[in-house]
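When a ligand or atom number is given, it counts from 1 through the structure's own listing order.
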Amino acid sequence: MKFFENVAKQIFNNEGIKILEGHVAYSPEEAVAICSEMGVPVVVKAQVLTGGRGKAGGVKFANHPGEALKVADEILGMEINGERVKHLLIEEKADILNEFFISVSIDRAERKPVIMASKEGGIEIENLAKTNPEKIIKYHPQPLIEFLPYEAREIARKMGVSSDLIAPIGDIIWKLYAVFEKYDCEVAEINPLVLTPEGLVAADAKLEVENDSLYRHQDLVKMLRYKKKAVDFVKLDGDIAVIGNGAGLTLTAMDMIKLNGGEPATFLDIGGGASEHIINQALNIVLNYDPVKVVFLNVLGGITKADDVARGVIKALEQADRKVHIVIRLTGTNEKEGQRLLEEAGIPYEISMEKAAKKAVELCDELSAE
Ligand code: GDP
Ligand code: MN
């Protein structure tokens, strides 16, 4: 079974291999929200199981949220080697000084694992294997004997990297081999492993686990299941963005807006138990949607905790690069703490949904009259 890059990276990271901060997006709007939240130039990467995304145009850069919208829109739905792109990884863009290649796979002819490594990593690795095979170092660890750190360093030395990189690259090779063994892999690969001013990080990750041993790696199978769409988002024709926790509550909030003579600009359901990060992401989605004049956030905490909501709101408003008019209704689990946090940040809120909806419509009317 092959794993998407974002999952493979998590698994590598669990073994101590450094990765860059990143989040998954299912729509251009989510990509924008993530980019706003990270506040840095980002890489937008198609999540497909085939390689060669870079060459196919499935890896693009964005310097600001507007660019993220454009490139995410270009990449989503694209077909790469026959595979449709349904989600993206939005990752902090690394400053690359150097790209290396390291991989562990099965050498069927030798009936052993093989480690391959090169100091010339990146998207041209297949060509390098054809034109300059001597630049790819091959090493067969003994499958029944423990693979030792000094062997890994010896591979790094043979790669011909500078002497200060032998130990850290050796360490990553050793950890990658540990992943390979632990999860009964067919392939565990990092191409490129990049050198940045902050050190070495896995800029890409490939992981393939032998199907017959999946039964003993249920933790991996679970990781695949955990990530659903973060938020449910529908664009509508009005100018009041409606955000709620749970589809029923969000629909009710929309009805309330309508009842007071307003028009919803979005239906956005953050679901149950939304974290601070999801709240922040949801707000960023609507704040980057131009027709929105007022945001109506309607939260009745059950599994969702009011204090998490408050923290997400505060963070999003701090980061927003335009003035946001928001009306918040916040009650339920941990409401005291949530309301206290909002008061401390000077953000008003309501307890009653009816009142809040009315206030949102009035505010929107005032803004339209200006
Ligand atoms: P692949 O083509 O499917 O293997 O996708 P990769 O994830 O390997 O990305 C292709 C290429 O994009 C890499 O070899 C890098 O040159 C470039 N790239 C990927 N991530 C970053 C990044 O964070 N910063 C920079 N500058 N380049 C990146
Ligand atoms: Mn790659």
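- Taking the six-membered ring for Trp and thresholds of 30 and 60 degrees, Phe233 and Tyr289 have ring planes more than 60 degrees apart, a perpendicular arrangement.
- For the Mn ion (ligand 2), protein N/O/S neighbours under 2.8 Å (waters excluded) are Asn191 O, Asp204 OD2.
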Counting only pairs under 3.5 Å, give me each side-chain donor-acceptor contact of residues 342-353, with atom names and distances, residues two or more places apart or in other chains.
unit_1: Glu343; atom_1: OE2; unit_2: Tyr349; atom_2: OH; d: 2.5
unit_1: Glu344; atom_1: OE2; unit_2: Arg340; atom_2: NH1; d: 2.4
unit_1: Glu350; atom_1: OE2; unit_2: Lys359; atom_2: NZ; d: 3.1
unit_1: Ser352; atom_1: OG; unit_2: Glu354; atom_2: N; d: 3.3
unit_1: Ser352; atom_1: OG; unit_2: Lys355; atom_2: N; d: 3.0

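- Lys60 is linked by a salt bridge (charged side-chain N to carboxylate O under 4.0 Å, His left out) to Glu74, counting only residues two or more places apart in sequence or in another chain.
- Contact check on Lys258 versus Asp255 returns no salt bridge, with no Lys/Arg side-chain nitrogen under 4.0 Å from an Asp/Glu carboxylate oxygen.
- For Phe4, the ring pair (Phe, Tyr, Trp, His ring centres under 6.0 Å) partners two or more places apart in sequence, or in a different chain, are His87.
- Each of the atoms 23 (O), 24 (N), 26 (N) of ligand 1 lies under 4.0 Å from some heavy atom of Lys93.
- In this structure, Glu198 does not pair ionically with Lys18, as no charged nitrogen and carboxylate oxygen lie closer than 4.0 Å.
- Polar contact with ligand 1: present for Glu99 (N/O pair, distance under 3.5 Å).
- The nearest protein atom to atom 10 (C) of ligand 1, hydrogens excluded, is given as Ile123 CG2, 3.5 Å; this is a heavy-atom distance.
- Salt bridge Lys305/Glu337: absent, no basic N to carboxylate O contact under 4.0 Å.
- With a 4.0 Å heavy-atom cut-off, ligand 1 is reached by the backbone of Asn191 but not by any atom from C-beta on.
- For the pair Glu186 and Arg108, the salt-bridge criterion is met [side-chain N within less than 4.0 Å of a carboxylate O].
- The N/O atoms of Arg53, backbone and side chain alike, include one that comes under 3.5 Å of an N/O atom in ligand 1.
- The shortest N/O to N/O separation between Ala94 and ligand 1 falls below 3.5 Å.
- Ranking protein heavy atoms by distance to atom 4 (O) of ligand 1, first place goes to Asp204 OD2, 3.1 Å.
- Of all the heavy atoms of Lys45, the ones lying under 4.0 Å from any atom of ligand 1 belong exclusively to the side chain.
- The shortest contact between atom 9 (O) of ligand 1 and any protein heavy atom is with Val59 CG2, 3.9 Å.
- In terms of hydrophobic clustering, with Ile, Leu, Val, Met, Phe, Trp and Tyr side chains grouped at heavy-atom distances under 4.5 Å, Leu287 and Ile243 are assigned to a common cluster.
- Those atoms of ligand 1 with a heavy atom of Phe61 less than 4.0 angstrom away are 24 (N), 25 (C), 27 (N), 28 (C).
- Look at Lys175 and Asp171 and you find a salt bridge, because one of the NZ, NE, NH1 or NH2 atoms lies within 4.0 Å of a carboxylate O, short of that distance.
- Distances below 4.0 Å separate heavy atoms of Pro192 from the following atoms of ligand 1: 8 (O), 13 (C), 14 (O).
- For ligand 1 and Gly54, the ligand atoms under 4.0 Å from any heavy atom of the residue are 1 (P), 2 (O), 3 (O).
- Ion pairing between Glu91 and Lys9 holds under the 4.0 Å rule for side-chain N and carboxylate O.
- The protein heavy-atom contact nearest to atom 21 (C) of ligand 1 is Val43 CG2, 3.9 Å.
- In summary, Asp307 and Lys336 do not engage in a salt bridge, as defined by a charged side-chain N under 4.0 Å from a carboxylate O.
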